[in-house]
Amino acid sequence: DVCSSDLVVMLPAFLITFREVIEASLIVATILGILVKLGQTKSIKTVWLATGAAALLSILLLGVGSLFGLEVQKIYSGRVEEFIEGVLMTLSAVFITWAVFFLHKYFSQYKVKLLQKVKATVEKEEQKGLFLLVFTAVFREGFEIVLFLTTIYFSANPSQIFAGFSSGLIGGLLVSVALFTATLRLPVYYAFRASSVLLILFAAGLLSRGIHEFAEAGIVPE
């Protein structure tokens, strides 16, 4: 079924983008809260400039990663196509699983230390230091999106990935605005946990497809 196949490709791209946009927004909101609490409202402009620069760089890297994924898809053809697709799908499944269980946990631990550094930097009124810290915090979230989506590009339809990314970006921004302007309380923690489970299921699907490609190539028994 074409619709269900498109949904399977769009869903992980949506989930990845949606959760990382919300996380980046929460980090920025926390930093802005620290500034307001310390009476350093003049540093708010620096935070927004750093956020914009990090978002722009992330989008540029995503474009480069997408082109790389597309070129990889064009290289293989003929009898080795099934083998190459099997390898790429298996690698994608392994990477997504590793990222969900280990990479995201590492970045979460890093954020705590980062916010402590931000408070110390703000108290010293170091604008350049604040810019670098905020830029690093937001860019790490953007880089997670780049890593995930570039990997998916190796074995999926580009248009559906872009649709998932776009909807995830818009949805993440809308939820972030609702969180901060309407004091809406959403179970963000549970939403992240649910998205992790769905991403693992997607990785399992990729692994299954990869093994099927190996079978078609005659490497493993049908």
Side-chain angles (χ1 to χ4, degrees), residues 12-69 95-153 165-166 168-177 179-180 186 188-189 191-193 195-196 199:
F14 170 82
L15 290 173
I16 291 162
T17 306
F18 182 76
R19 60 187 274 168
E20 299 308 327
V21 168
I22 292 179
E23 281 207 34
S25 300
L26 290 173
I27 290 174
V28 173
T30 303
I31 294 174
L32 292 176
I34 292 174
L35 292 176
V36 172
K37 187 175 181 180
L38 296 177
Q40 298 289 339
T41 54
K42 63 180 181 180
S43 299
I44 291 178
K45 182 179 179 181
T46 302
V47 173
W48 287 119
L49 287 174
T51 301
L56 179 60
L57 180 58
S58 298
I59 292 174
L60 290 176
L61 286 179
L62 181 59
V64 173
S66 302
L67 291 175
F68 176 67
F95 175 79
I96 291 173
T97 304
W98 170 74
V100 169
F101 281 109
F102 300 103
L103 182 64
H104 197 71
K105 182 179 180 181
Y106 167 76
F107 282 166
S108 297
Q109 294 173 345
Y110 173 83
K111 291 166 196 169
V112 177
K113 298 179 181 178
L114 187 69
L115 291 174
Q116 293 173 347
K117 291 181 180 179
V118 166
K119 185 174 181 180
T121 302
V122 169
E123 289 174 343
K124 296 179 181 178
E125 298 187 2
E126 297 178 357
Q127 296 301 311
K128 290 183 179 180
L130 178 62
F131 181 93
L132 289 175
L133 287 173
V134 176
F135 177 87
T136 302
V138 176
F139 179 68
R140 278 182 176 270
E141 302 301 330
F143 191 61
E144 282 194 56
I145 297 176
V146 173
L147 287 177
F148 273 113
L149 297 190
T150 300
T151 306
I152 298 175
Y153 258 105
F165 166 76
S166 301
L169 178 62
I170 295 172
L173 291 175
L174 289 176
V175 170
S176 299
V177 171
L179 282 169
F180 307 139
L186 296 177
V188 176
Y189 173 82
F192 287 162
R193 284 290 175 265
S195 64
S196 294
L199 286 172

Going by heavy atoms in the side chains, are [X] and [Y] under 4.5 Å from each other?
X    : Y    : value
F165 : L62  : yes
V175 : F18  : yes
L35  : L130 : yes

Q | Nearest non-hydrogen partners of V21 and G172, listed with the distance | A | CG1-C, 3.7 Å
To the nearest 0.5 Å, tell me how far [X] [atom1] sits from [Y] [atom2].
X    : Y    : atom1 : atom2 : value
L56  : L61  : CG    : CG    : 9.5 Å
K128 : L133 : NZ    : CG    : 14.5 Å
E20  : L15  : CD    : CG    : 11.0 Å
E23  : R140 : CD    : CZ    : 12.5 Å
T17  : L169 : OG1   : CG    : 7.0 Å

Q. Tell me, which pairs form a side chain to side chain donor-acceptor pair (under 3.5 Å) where one or both residues lie in residues 46-65, sequence neighbours left out?
A.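 Every side chain to side chain donor-acceptor pair (under 3.5 Å) pair that includes a residue of residues 46-65, provided the two are not neighbours, is T46-Q127.
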Q | Contacts of type ring-ring contact (aromatic ring centres under 6.0 Å, His included), residue F135, not counting sequence neighbours | A |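 F135 satisfies ring-ring contact (aromatic ring centres under 6.0 Å, His included) with F139 only.
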Q) So which of I31, L32, L26 actually passes side-chain contact (heavy atoms from CB on, under 4.5 Å) with V28? A) L32
